[in-house]
Protein chains: 2
Amino acid sequence: MGRTAGRSPQDTRRALLDAAADVVRARGIHAPLDDIARFAGVSKGGLIYHFASKDDLILELARDQLAAFQAGIDAALDPTDTAPGRLTRAYLRASVAPAGDDAAVRASMALVTQLMTLPAVAELARADAERLAAALAADGLPADVLALVVAAADGMSSAPLWGAPTHTPAHRRLLERLLHLTRHPHLWETLTP
Amino acid sequence: MGRTAGRSPQDTRRALLDAAADVVRARGIHAPLDDIARFAGVSKGGLIYHFASKDDLILELARDQLAAFQAGIDAALDPTDTAPGRLTRAYLRASVAPAGDDAAVRASMALVTQLMTLPAVAELARADAERLAAALAADGLPADVLALVVAAADGMSSAPLWGAPTHTPAHRRLLERLLHLTRHPHLWETLTP
DNA sequence: CGAACTGTACCGGCTGGTCGGTACAGTTCC
DNA sequence: GGAACTGTACCGACCAGCCGGTACAGTTCG
């Protein structure tokens, strides 16, 4: 049996990556390849045809997720915004995510922690984080304000990992105020002890 | 060969939990029992003598870590501090951790994400997080300020997970200002857009 | 003696990866 | 035009190794 339905190999590859994301998120990194393949409507043999090994699949998946996050930041970049801190604002918006994509970002966080168990993925993520940190540092905001905003963004997006509720009214207000703060960074100085 | 050194069974139990923490952190949840036992200077049989099953060991380890974090908060509670927000301040200090224990907290974060792959542990952590959230909510701070401080604390403590540098001067100043903010929560209102 | 182990042997289940097929869409060549 | 061939995309059975758990006989120390 060859190509069963009108599905291109590229579609199958994509389906396998999506299935891997779902299954790994739900059952952990050690989910059997068979289950992932089945979930994508393919046999294990079919999976191996597209990805030489499990590590290969997982690494590809990690690259995919990292790229998706970066794409989220890019999409959150306001083209009319040319003031210092524009990238930081995009990072903030992408991390917290507008209500619609809210679940997706949360899920992607849980997934990434699973993927990180593979040393190769950890290294990949580290390099990516470093790159992002450098870009943010060059965004024109005072280091203190940047540290606050990034910490708060990371905290809001990682909170659901521990099962905390997210996207409460307080969180929405917090997002607004942080965005405001990046536009008037001097305000933070008034909080000096 | 029975009791090799002058080590009490309680010490052996502790050594096993510590070994499990180290090995699981380094090699993941699926590290063989044999390796954990060996690392604690005990045979696999000896491990099974203390912990009926692997799940038993992992669950005990999770409880241990959760208790350690709570102990960290308790230790960070300033007995002379009776103002609103005292628990939040302790949470903040415990999350970021004084320089000495810095590596320990980071490590404990990485470990917990490993343990969370076990559903029973995830449930345990969720319940614990809920309990903590409730205690923080009753700490007497405005919800907005609490949300900011908790998010920033979570962000600072989870950042090393993605490999970002921690404990920079900016971070230290951030900690100070957040502590200051919990003592003068009205200051945050001045940042309203 | 009994608690606290050690060491070995073994079972059973799971899982990653291999491998020999198979279906079929094109392409080539007469 | 059609027979022969090729490459792609997959299937499904199988195997080898690992790992958790069990069983048990022996050993050492308080």
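In what follows, chains are A, B, ... by sequence order, proteins preceding strands, each numbered from 1.
- If you take CZ of B:Arg27 and C1' of D:dC19, they are 13 Å apart, rounded to a whole angstrom.
- Under the 4.0 Å criterion applied to side-chain N and carboxylate O atoms, B:Glu123 and B:Arg126 are assigned as salt-bridge partners.
- Residues meeting the side chain to side chain donor-acceptor pair (under 3.5 Å) test with B:Arg86, sequence neighbours left out: none.
- Ion pairing between B:Asp78 and B:Arg89 fails under the 4.0 Å rule for side-chain N and carboxylate O.
- Backbone-only engagement by A:Ala31 is indicated by non-hydrogen atom pairs under 4.0 Å involving sugar-phosphate atoms exclusively.
- The B:Ser53 side chain lies nearest to D:dG21 when the options are C:dC5, D:dG21, C:dG16.
- Separating the CG atom of A:Asp56 from the C1' atom of C:dG17 is a distance of 13 Å, rounded to the nearest angstrom.
- Comparing D:dG21, D:dC11, C:dT6 against the side chain of B:Leu33 picks out D:dG21 as the nearest.
- When the nearest nucleotides of DNA chain C are assigned to A:Gly45 and A:His30 by heavy-atom distance, the more 5′-ward of the two goes with A:His30.
- Considering only side-chain N and O atoms, B:Tyr49 lies under 4.0 angstrom from the phosphate OP1 or OP2 of C:dA4.
- Considering only side-chain N and O atoms, A:His50 lies nowhere under 4.0 angstrom from the phosphate OP1 or OP2 of D:dT8.
- Counting only heavy atoms from C-beta on, A:Lys54 has its side chain closest to C:dG17 among D:dG21, C:dG17, C:dG7.
- With rounding to whole Å, A:Arg38 atom CZ is found 15 Å from D:dC10 atom P.
- Separating the CD1 atom of B:Ile48 from the P atom of C:dG7 is a distance of 16 Å, rounded to the nearest angstrom.
- The side chain of B:Thr12 contributes no N or O atom lying less than 4.0 Å from OP1 or OP2 of C:dA4.
- What separates CZ of B:Phe51 from C1' of D:dG21 is a distance of 16 Å, to the nearest Å.
- When the C1' atom of D:dC10 is taken as reference, atom CG of A:Asp11 falls 15 Å away, rounded to whole Å.
- Of the charged side-chain nitrogens involved, none lies within less than 4.0 Å of a carboxylate oxygen, so that A:Asp11 and A:Arg14 do not count as a salt-bridged pair.
- You won't find any donor-acceptor pair under 3.5 Å spanning the side chain of A:Lys44 and the base of D:dG12, going by distance alone.
- Rounding to whole angstrom units, CG of residue A:Asp34 and P of D:dA13 are separated by 11 Å.
- In this entry the distance linking CG of A:Asp35 with P of C:dT15 reads 7 Å, nearest Å.
- The minimum heavy-atom distance between A:Ala153 and A:Leu92, with the atom names listed, is CB-CD1, 3.6 Å.
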